[in-house]
J.: 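First the structure, which I've put down as structure tokens, then a few questions once you've had a look.
Worth saying up front: this structure is predicted, and the values here are computed from it rather than measured. Just so it is clear, the values below take in all heavy atoms, side chains as well, and ignore hydrogens, waters and symmetry mates.
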Amino acid sequence: EGFGKLLDRVRAELNERVLELLRGAQQVIAQWRPLTSRLAEPVPAPLRPAVDDLTAQVRALVGPGFVTATGRRRLPDLRRYLAAANHRLDRLAGDVARDGARMARVHAVQAELDAFVAGLPPGRRESGEVRQLRWMVEELRVSLFAQSLGTPYPISEQRIYRAMDQLG
């Protein structure tokens, strides 16, 4: 009887959930496609490190299986991360040195996170708490490169390091 009630509830919500997921994925792809085209354009040598960083970020965010990897609830965040990447690209030529300093901060945090995750037991590396650290790095990127887009919570390198300490 309990299973039947659950089955009825899932059936009633399934179509709307699938449509919501498809709309979210379509919105991500609509942002992703022009951004990847822009990133593929030739750029002057001083801009290349930042463009390479953006390309790697975008590839890590959107690729085969990105909807499953991201999850339905995080798709709006993914759109914001792509908007932040686009914003960064728009402003890049105006201050390459400042962008480089910010990129170095993100890379330092990412290197610490990679080392932290590598030191965890294999079964723990994919836990929700550890995956959240990856999203915190994306929020840091928004905070550093496109602050006007906002983050859902205060973020800094120190907050990410504290979160790693709490999990370690």
J.: Please check if the number of heavy atoms outside Y153 that lie under 6.0 Å from its OH is greater than 12.
T.: yes
J.: Between R124 and L167, is any pair of side-chain heavy atoms under 4.5 Å apart?
T.: yes
J.: Do any N or O atoms from the side chain of S156 and from the backbone of R159 form a donor-acceptor pair under 3.5 angstrom?
T.: yes
J.: What's the verdict on side chain to side chain contact (heavy atoms under 4.5 Å, CB included) for Q31 and Q27, showing C-alpha distance, side-chain angles and the deciding distance?
T.: CA-CA 6 Å; Q31 279 186 289; Q27 291 167 353; 5.9 Å; no
J.: If two hydrophobic side chains count as joined below 4.5 Å and joins carry through other members, does V130 share a cluster with L140?
T.: yes
J.: Within a radius of less than 6.0 Å around CD of Q147, do more than 12 heavy atoms belonging to other residues, nucleotides or ligands occur?
T.: no
J.: Under 4.5 Å between side-chain heavy atoms, counting indirect links through other Ile/Leu/Val/Met/Phe/Trp/Tyr residues: same cluster for V142 and L144 or not?
T.: no
J.: Can you check whether A146's main-chain N or O pairs, donor with acceptor, with R88's side chain at less than 3.5 Å?
T.: no
J.: Above 12 or not: heavy atoms from other molecules or residues under 6.0 Å from CZ of R98?
T.: no
J.: Please check if the side chain of R125 supplies one atom and the backbone of V117 the other of a donor-acceptor pair under 3.5 Å.
T.: yes
J.: Under the 3.5 angstrom rule, does the side chain of S143 hit a backbone N or O of E139 as a donor-acceptor pair?
T.: no
J.: Evaluate the criterion side chain to side chain contact (heavy atoms under 4.5 Å, CB included) for residue pair L61 and E138; output intermediate values, then yes/no.
T.: CA-CA 9 Å; L61 291 171; E138 291 300 331; 3.9 Å; yes
J.: Does T70 form a side chain to side chain contact (heavy atoms under 4.5 Å, CB included) with W135? I'd like the steps, not just the answer.
T.: CA-CA 10 Å; T70 303; W135 298 117; 4.3 Å; yes
J.: Are more than 12 heavy atoms from other residues, nucleotides or ligands located less than 6.0 Å from atom CD of E126?
T.: no
J.: Quick check on R33: does its CZ atom have over 12 non-hydrogen neighbours (other residues, nucleotides or ligands) under 6.0 Å away?
T.: no
J.: Using the rule that Ile, Leu, Val, Met, Phe, Trp and Tyr join whenever any side-chain heavy atoms are under 4.5 Å apart, tell me whether V106 and L133 fall into a single cluster.
T.: yes
J.: Answer with yes or no whether the hydrophobic clustering places L54 together with M103; edges join I, L, V, M, F, W, Y residues whose side-chain heavy atoms lie under 4.5 Å apart.
T.: no
J.: So, does R91 use its side chain to make a donor-acceptor pair with the main chain of D99 at under 3.5 Å?
T.: no
J.: Tell me, yes or no, whether the heavy-atom count around R59 atom CZ, taken from other residues, nucleotides or ligands under 6.0 Å, exceeds 12.
T.: no
J.: Looking at side-chain heavy atoms only, is the closest gap between L89 and F145 below 4.5 Å?
T.: no
J.: Is Y81 reachable from V28 through a run of hydrophobic residues whose side-chain heavy atoms are each under 4.5 Å from the next?
T.: yes
J.: Salt bridge (Lys or Arg N to Asp or Glu O under 4.0 Å) for D53 and R102? Distances and angles first, verdict last.
T.: CA-CA 11 Å; D53 181 61; R102 290 174 176 174; over 6 Å; no
